[in-house]
Amino acid sequence: MTSNFGKGCHLHLIDGSAFIFRAYHALPPLTRKSDGLPIGAVAGFCNMLQKYVEDNAGPDAPTHVAVIFDKGSHTFRNDLYDLYKANREAMPEDLRPQMPLTRQATQAFNIACKELEGFEADDIIATLAVQARDAGGQVTIVSSDKDLMQLVGDGVEMFDAMKNRRIDRDGVFEKFGVGPERVVDVQALAGDSVDNVPGAPGIGVKTAALLINEYGDLETLLDRAEEIKQPKRRQTLLEKREQIELSKKLVQLDEATPLDFTLDDLVVKDPEPEALMAFLAEMEFRTLTKRIADQLGVEAPTIKDAPAKSEAEPQEDIPFDASNYECVRDAEALQPWLGQIRERGWVAVDTETTGLNEMIAGLVGISLCVEPGTACYIPLTHRASATDDLFGSDELAEGQMPLEEALALLKPVLEDPSILKIGQNMKYDAKIFARYGVAVAPIDDTMLMSYAMHGGEHGHGMDTLSERYLDHTPIPIKPLLGSGKSAITFDKVPIDDATAYAAEDADITLRLWQHFKPQLHQVQVTTVYETLERPLVPVLTEMEMHGIKVDRETLSRMSNAFAQKMAGLEAEIHDLAGETFNVGSPAQLGEILFDKMSLPGGKRGKTGKYSTGADILEDLATEHELPRRVLDWRQLSKLKSTYTDALQTHINPDTGRVHTSYSITGANTGRLASTDPNLQNIPVRTEEGRRIREAFVAEPGNVLLSLDYSQIELRILAHIAGIDALKQAFADGLDIHAMTASEMFDVPLDEMTPDIRRQAKAINFGVIYGISGFGLARNLRIPRAEAQGFIDRYFERFPGIRTYMDDTVSFAKEHGYVQTLFGRKIHTTEINAKGPHAGFAKRAAINAPIQGTAADVIRRAMVRMPAAIADLPAKMLLQVHDELLFEVSEDAVDATIEAARDVMEGASDPAVKLDVRLVVDAGKGANWAEAH
DNA sequence: GACATCACG
DNA sequence: GACGTACGTGATGTCC
């Protein structure tokens with residue numbers, strides 16, 4: 001292949017990222033008028049491109065040009081050194097959505113636009129510059145980045161567009177004190193705090209240049225380091241040789257980046273006015289559009305003042321009308337829908353099933369919607385109604401496409417990476433489809449969008465959202481299914497009724513999506529949605545479908561043992577009471593204790609009944625034998641009914657495993673919630689309860705692996721509130737509760753008693769919960785004044801806590817929400833309420849950023865985990881707030897611990913740089929009791 | 001279906 | 001000055 005590039009050619013390489021960041025910081029945060037899309041950086045970028053084109057139109061005009069961008073955050077340099085660029089700030093929330101637009105802008109100007117996954121722009125620039133130079137051409141790199149200065153030389157120069165200044169060999173020498181060919185040597189020694197290149201400690205650019213000029217190059221210098229007179233310098237160079245050599249690799253540009261294009265592809269082209277105008281008009285840049293139109297001698301398109309027609313925005317109020325819903329009964333009728341979906345690139349999907357348990361429920365029908373108001377329902381396994389079929393309803397109803405045929409037609413669409421599938425609670429539908437061999441991707445989820453934007457404001461179910469944002473009450477399901485004993489499953493619903501109901505759900509989902517989508521960036525939660533909510537769907541889907549093995553025999557044995565013990569206790573209790581009564585009835589127990597036996601401390605709750613909670617019975621236990629027996633009975637009753645009995649019913653007959661369902665939007669703080677069954681509250685605190693975990697087992701040849709964050713909430717508190725003493729204690733690996741106790745009670749660590757430590761521990765937790773004297777007093781069973789004294793002392797010793805609490809509450813009062821370190825917003829609707837509500841809201845506001853940040857951290861870890869353990873015989877099974885449980889082949893335990901721990905401990909990177917390191921403890925065993 | 005109770009982090 | 005108080009969840013049994 002011969003190239004046309006050669007002598008006489010002049011290549012311009014523009015550092016796109018530099019343009020973007022300069023544009024972003026130079027301009028105020030402009031937004032597009034019609035939908036609020038942040039657009040400031042794009043505007044600045046276009047201005048700079050325009051100016052560049054203008055300035056380079058003369059006789060010196062380049063023959064070839066390209067704008068080069070960075071792509072992805074992980075490059076080969078991260079593999080060399082995992083801390084490379086680790087202290088880089090996360091991209092600002094309002095800049096993110098502008099990144100793809102800058103690429104579009106470049107193309108609109110008809111300038112080549114290049115980027116390559118895994119490489120920095122600088123490497124591509126280096127590769128192209130070398131190719132062009134070697135071909136005999138001339139190169140100008142439009143950038144002032146010092147990292148590019150190593151490329152300057154014969155035929156290659158840089159141009160600082162900001163200062164309007166050329167940078168040649170002399171310019172490089174001025175900056176580094178050496179010529180371009182030795183720049184990397186100087187950089188390797190001097191390091192770079194911005195990119196986190198370590199270099200040689202204590203040596204800056206000046207010293208580095210001095211040394212390099214004296215010894216010729218870095219390698220000679222390092223080989224002859226012994227000769228250096230200054231002892232400190234000599235020692236550094238001898239001891240840090242490896243680090244310096246690594247630094248050189250980090251700063252050295254890759255001049256052989258594998259490119260999928262050639263210099264000839266970069267030949268300068270005239271702008272195509274139509275495309276350029278269309279882009280500028282779409283961005284709604286009025287002045288710039290006009291100016292460029294004038295220059296090109298074309299007419300500027302009119303930019304409407306009225307909100308522009310945007311793809312993700314309802315065009316007008318289209319009424320809900322069931323007569324526009326089509327019942328699709330055969331392949332022929334389905335085809336037009338598939339065509340529309342492919343044309344649009346998105347579709348709202350909803351499934352109807354025989355039940356709410358995704359691991360058991362059968363698929364009954366599928367509804368689709370591509371534009372508001374028109375939707376279809378594809379019935380698949382509806383049963384003939386009783387009137388049609390006197391012999392029961394086992395026969396399939398007439399007029400339905402065979403399930404396999406429908407799935408075969410839909411599968412390519414549902415799995416097409418270029419078609420977005422929109423759902424309300426997509427995890428449910430994805431799990432159903434997965435059981436029928438369809439892997440739905442990519443997805444958007446209106447429930448998760450609502451949660452990201454309105455967490456804490458209201459629920460995120462479809463009915464709530466439809467009423468609130470579409471002003472429409474969906475058809476209720478109750479009349480179709482009935483309730484109680486006579487309730488039927490969806491497959492028994494007549495197809496006509498089902499069509500009206502099901503198609504409407506898809507219609508609502510699409511409308512909600514159009515409503516929410518453009519708002520995500522307006523309220524700055526795009527990153528939260530895209531990194532903490534949506535990616536969790538496939539991860540949780542896999543965990544839930546995999547399930548955890550639970551041994552029925554173990555549970556059954558325990559149930560029997562509990563039943564026996566309970567019977568004995570019950571008899572004793574009745575004896576002590578002098579009558580038989582229902583021990584499980586708090587009301588009856590209260591009367592026995594406080595009326596019949598006249599024990600002290602009888603307090604009536606708001607319903608007029610005595611309270612008989614564990615703490616009250618605990619106090620009463622010193623007075624009488626009965627309360628202790630009841631406490632014991634209650635513990636057994638709880639363990640039996642909630643765990644050993646109920647868990648058995650949740651063992652899936654097909655898989656022999658228990659499949660919980662995680663709710664992503666269940667907790668206001670960002671935590672997950674586990675239901676059906678709840679596997680996040682399996683007993684552990686008492687010895688008897690803990691034994692239930694012995695029933696959670698690994699398959700033969702495997703073990704369970706538990707990795708949990710150590711004190712994650714206190715670490716986050718130390719970071720957020722900026723408590724130096726706490727940070728230091730974590731850095732030193734101290735026992736944090738003992739250290740707190742030592743600080744507060746002036747007890748040296750080596751004289752610490754368990755009781756003092758216990759009190760400090762209660763205070764540490766109290767702080768996370770928004771401490772009060774009353775609460776602490778009750779928890780520690782000490783006088784309220786004493787508890788208040790502890791708290792005062794705590795605030796005195798750790799003054800940042802008070803400030804954090806006050807600042808958080810006032811932020812909540814002003815904004816109506818609080819935020820986690822990762823930008824999750826938790827709305828605090830009651831914060832300005834009067835009365836007792838206010839106290840609750842305050843404490844919740846104080847707790848939310850801490851609990852929520854911890855929740856974000858483990859979410860990030862979970863999202864990254866599948867890739868990290870993909871090559872290992874390991875599966876992630878459960879999440880319990882600060883713990884992840886894995887099942888792994890015995891021979892891969894250590895590798896899995898290492899991989900999973902790396903992910904968990906580094907989960908906050910690079911978005912948030914924590915002042916306190918995250919620490920993960922690991923345990924393994926044949927069952928969960930041993931592993932934890 | 002509300003309430004009380006208790007399991008977890 | 002009084003009020004009511006630790007934060008976040010889900011499942012179970014009683015009782016109306």
Side-chain angles (χ1 to χ4, degrees), chain A residues 456 483 581-590 604-617 630-631 633-647 649-650 660-663 665-686 688-690 692-693 708-714 717 762-780 784 787 791 805 818 826 828 834-852 854-855 858 878-883 928 932:
Chain A
S483 64
F581 68 101
N582 186 345
V583 184
S585 164
Q588 293 180 28
L589 176 67
R604 289 180 191 274
K606 50 187 160 187
T607 48
K609 289 181 199 116
Y610 291 113
S611 20
T612 66
D615 47 348
I616 290 177
L617 295 188
V630 174
L631 282 169
W633 182 92
R634 277 195 185 159
Q635 192 197 0
L636 296 175
S637 161
K638 180 77 171 186
L639 295 179
K640 182 172 187 290
S641 67
T642 311
Y643 300 104
T644 55
D645 285 352
L647 272 175
T649 71
H650 280 103
T660 185
S661 179
Y662 287 102
S663 164
T665 62
N668 278 339
T669 53
R671 274 194 180 178
L672 301 180
S674 159
T675 63
D676 308 303
N678 182 354
L679 294 186
Q680 290 182 322
N681 70 346
I682 303 302
V684 71
R685 291 174 186 170
T686 68
E688 281 205 293
R690 194 188 171 88
I692 289 170
R693 294 187 174 220
D708 69 297
Y709 285 107
S710 160
Q711 306 287 5
I712 188 169
E713 292 194 352
L714 277 174
L717 173 72
I763 299 167
N764 273 333
F765 278 106
V767 165
I768 292 172
Y769 299 151
I771 200 160
S772 76
F774 183 94
L776 184 64
R778 201 179 59 172
N779 191 285
L780 286 176
R784 187 168 170 178
I791 294 170
M805 292 171 76
V818 292
I826 297 130
T828 54
K834 293 266 176 243
H837 286 309
F840 283 108
K842 265 191 194 179
R843 289 192 297 273
I846 290 165
N847 173 259
I850 303 167
Q851 186 180 120
I858 199 164
L878 301 178
Q879 187 249 45
V880 192
H881 308 310
D882 64 357
E883 172 190 7
W928 200 1
H932 186 80

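No hydrogens, no waters, no symmetry mates; every other heavy atom, side chains included, goes into these values.
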Check: Is the side chain of A:Thr649 donor-acceptor paired with the backbone N or O of A:Ala646 at a distance under 3.5 Å, no angle test?
Finding: yes

Check: Looking for any heavy atom pair under 4.0 Å, which part of the strands does A:Ser641 touch: base, sugar-phosphate only, or nothing?
Finding: sugar-phosphate

Notebook entry, point to check: Can you name the residues that form a ring pair (Phe, Tyr, Trp, His ring centres under 6.0 Å) with A:Phe581, not counting sequence neighbours?
Noted result: A:His574

Next item on the list: Just call it for A:Phe840: base, sugar-phosphate, or nothing, with non-hydrogen atoms closer than 4.0 Å on any strand.
Entry: sugar-phosphate

Margin query: At 4.0 Å (heavy atoms only), tell me whether A:Ala777 reaches a base, stays on the sugar-phosphate, or touches nothing.
Written below: nothing

Margin query: Restricting to ring pair (Phe, Tyr, Trp, His ring centres under 6.0 Å), what partner residues turn up for A:Phe765, sequence neighbours left out?
Written below: A:His737

Checklist line | Salt bridge flag under 4.0 Å for residues A:Glu688 and A:Arg693 | finding: no

Margin query: Can you see whether A:Phe774 has A:Arg784 sitting over its ring - NZ or CZ less than 6.0 Å from the centre and within 45° of the normal?
Written below: no

Item checked: Pairwise P distance, C:dA6 and B:dA4 [rounded to whole Å] -> 13 Å

Next item on the list: Given side-chain contact (heavy atoms from CB on, under 4.5 Å), test A:Gln879 with A:Ile858 step by step and report yes or no.
Entry: CA-CA 9 Å; A:Gln879 187 249 45; A:Ile858 199 164; 3.3 Å; yes

Next item on the list: Remember a base hit wins even if backbone is also touched, and classify A:Gly770 as base, sugar-phosphate or nothing at under 4.0 Å, heavy atoms.
Entry: nothing

Note to self: Need one value for A:Arg784: base, sugar-phosphate or nothing, where a base atom within 4.0 Å counts as base even if backbone is also close, heavy atoms only.
What the structure shows: base

Checklist line | Sequence-aligned protein contact record of nucleotides 4-9 of chain B, with B where the base is within under 4.0 Å of a protein heavy atom and S where only the sugar-phosphate is | finding: SSBBBB

Notebook entry, point to check: Is there a side-chain contact between A:Val880 and A:Leu679, using heavy atoms and a 4.5 Å cut-off?
Noted result: no

Notebook entry, point to check: Just the endpoints, please: which first and last nucleotides of DNA chain C, 5' to 3', lie under 4.0 Å from a heavy atom of chain A?
Noted result: C:dG4 to C:dC15

Note to self: Let me check I have this right: for DNA chain C, each base becomes ., (, ), [, ] or |, based on Watson-Crick or G-U pairs with both distances under 3.5 Å. What is the full string?
What the structure shows: ......|||||||||.

Check: Can you find a side-chain donor-acceptor pair between A:Arg778 and A:Ser772 that sits under 3.5 Å?
Finding: no

Notebook entry, point to check: Is A:Ile771 touching bases, backbone alone, or none of the nucleic acid, heavy atoms closer than 4.0 Å?
Noted result: base

Next item on the list: Determine whether the side chains of A:Ser674 and A:Gln680 contain a donor N or O and an acceptor N or O closer than 3.5 Å.
Entry: no

Check: At their closest point, which heavy atom of A:Ala848 faces which heavy atom of A:Val818, and how far apart are they?
Finding: CB-CG2, 3.8 Å

Note to self: Categorize A:Ala646 for me: base, sugar-phosphate, or nothing, with a 4.0 angstrom heavy-atom threshold over every strand shown.
What the structure shows: sugar-phosphate

Item checked: Whole-Å C1' distance, C:dG4 and B:dC6 -> 22 Å

Margin query: Suppose you measure atom P in B:dT5 against the same atom in C:dT5; what distance do you get, rounded to whole Å?
Written below: 14 Å

Margin query: So A:Asn668, base contact, sugar-phosphate only, or nothing? Heavy-atom distance under 4.0 Å.
Written below: sugar-phosphate

Item checked: Residues in salt bridge (charged side-chain N to carboxylate O under 4.0 Å, His left out) contact with A:Lys842, at least two apart in sequence or another chain -> none

